[in-house]
**Student:** 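This is the structure, below, for whatever I ask next.
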Amino acid sequence: MTDDTFELYDLRVEVVRSGPGKIYCGQEGDYFELRGEMLHLPEGQGFSIYSLSAVLPLLAAKQRETHPNDWMSTDAACACPDPNCPTRLRITRIGKRTFSHAATTAVPLTKTEE
């Protein structure tokens with residue numbers, strides 16, 4: 001095999017208000033971006049670890065191409081884990097980048113039977 005590349009979406013996860021009330025998980029507009037496996041925060045801004053724990057299980061799936069009818073393709077909001085906080089965490093695909101299997105793991109790529 002000569003081509004060991006694959007594509008992943010870059011993601012932005014942003015705190016958005018979904019109703020009235022005090023926000024407990026940071027501030028409306030706080031965000032981070034996920035590029036490959038690396039999480040990037042704007043300088044001087046934090047992100048709640050509790051909010052991160054709610055959205056983290058969805059990120060690897062949102063990075064990958066999905067069928068248009070799959071709910072992962074259409075659903076973009078995750079609830080804040082605090083039931084008293086009026087926010088959602090909006091996940092947006094913001095671009096795509098190409099990665100090499102050899103650059104991302106020590107496990108060799110083997111030919112699969114089709």
**Student:** For the backbone of Gly19 and the side chain of Arg17, can you confirm whether one donor and one acceptor N or O come within less than 3.5 Å of each other?
**Tutor:** yes
**Student:** Would you say that Ile23 contacts Pro86 through its side chain, given a criterion of any heavy-atom pair below 4.5 Å between the two side chains?
**Tutor:** yes
**Student:** In the single-linkage hydrophobic clustering (I, L, V, M, F, W, Y; side-chain heavy atoms under 4.5 Å), do Leu52 and Leu89 co-cluster?
**Tutor:** yes
**Student:** Determine whether a donor-acceptor pair (N or O, by modelled atom type, separation under 3.5 Å) exists between the side chain of Arg93 and the backbone of Gln63.
**Tutor:** no
**Student:** Would you check if the side chain of Thr5 reaches a backbone N or O of Phe99 as a donor-acceptor pair within less than 3.5 Å?
**Tutor:** no
**Student:** Is there a path of hydrophobic side-chain contacts, each under 4.5 Å between heavy atoms of I/L/V/M/F/W/Y residues, joining Ile94 to Val13?
**Tutor:** no
**Student:** Leu41 and Leu59: same hydrophobic cluster, using ILVMFWY side-chain contacts below 4.5 Å?
**Tutor:** yes
**Student:** With the side chain counted from C-beta on, respond yes when Tyr31 and Gln45 share a heavy-atom pair under 4.5 Å apart, and no when they do not.
**Tutor:** yes
**Student:** With clusters defined by side-chain heavy atoms of hydrophobic residues (ILVMFWY) lying less than 4.5 Å apart, directly or transitively, does Met72 cluster with Leu8?
**Tutor:** no
**Student:** Got a sec, which residues hit ring-ring contact (aromatic ring centres under 6.0 Å, His included) with Tyr9, two or more places apart in sequence or on another chain?
**Tutor:** none
**Student:** Locate the shortest heavy-atom distance separating Ser73 from Pro68; write the atom from each residue and the value.
**Tutor:** CB-O, 3.9 Å
**Student:** Can you spot which of Leu39, Val55, Ile91 makes a side-chain contact (heavy atoms from CB on, under 4.5 Å) with Leu11?
**Tutor:** Ile91
**Student:** Counting only heavy atoms not in Tyr50 (residues, nucleotides, ligands), do more than 12 fall under 6.0 Å from its OH?
**Tutor:** no
**Student:** Please list all pairs meeting salt bridge (charged side-chain N to carboxylate O under 4.0 Å, His left out) that have one or both residues in residues 31-53, counting only residues at least two apart or in different chains.
**Tutor:** Arg12-Glu33, Glu33-Arg35
**Student:** Sub-3.5 Å donor-acceptor pair from the side chain of Thr105 to the main-chain atoms of His101, do we have one?
**Tutor:** no
**Student:** For the CZ atom of Arg64 and the CG atom of Asp70, what is their distance to the nearest 0.5 Å?
**Tutor:** 13.5 Å
**Student:** If you measure from the Lys or Arg side-chain nitrogens to the Asp or Glu carboxylate oxygens, is any gap between Glu65 and Lys96 under 4.0 Å?
**Tutor:** yes
**Student:** Please lay out, stage by stage, how Thr66 and Trp71 fare under the test side-chain contact (heavy atoms from CB on, under 4.5 Å).
**Tutor:** CA-CA 9 Å; Thr66 50; Trp71 70 269; over 6 Å; no
**Student:** Looking at side-chain heavy atoms only, is the closest gap between Cys78 and Leu58 below 4.5 Å?
**Tutor:** yes
**Student:** Nearest 0.5 Å please: distance from the CD1 atom of Ile49 over to the CG atom of Leu56.
**Tutor:** 12.0 Å
**Student:** Distance check, rounded to the nearest 0.5 Å: Ser51 atom OG versus Phe32 atom CZ?
**Tutor:** 9.5 Å
**Student:** Got Thr87 and Ser18 here, is their nearest side-chain heavy-atom distance under 4.5 Å?
**Tutor:** no
**Student:** Where is the tightest heavy-atom contact between Ala79 and Ala54, given as atom of each residue plus distance?
**Tutor:** O-CB, 3.9 Å
**Student:** Check for a donor-acceptor pair, side chain of Asp30 on one end and backbone N or O of Phe47 on the other, with a separation under 3.5 Å.
**Tutor:** no
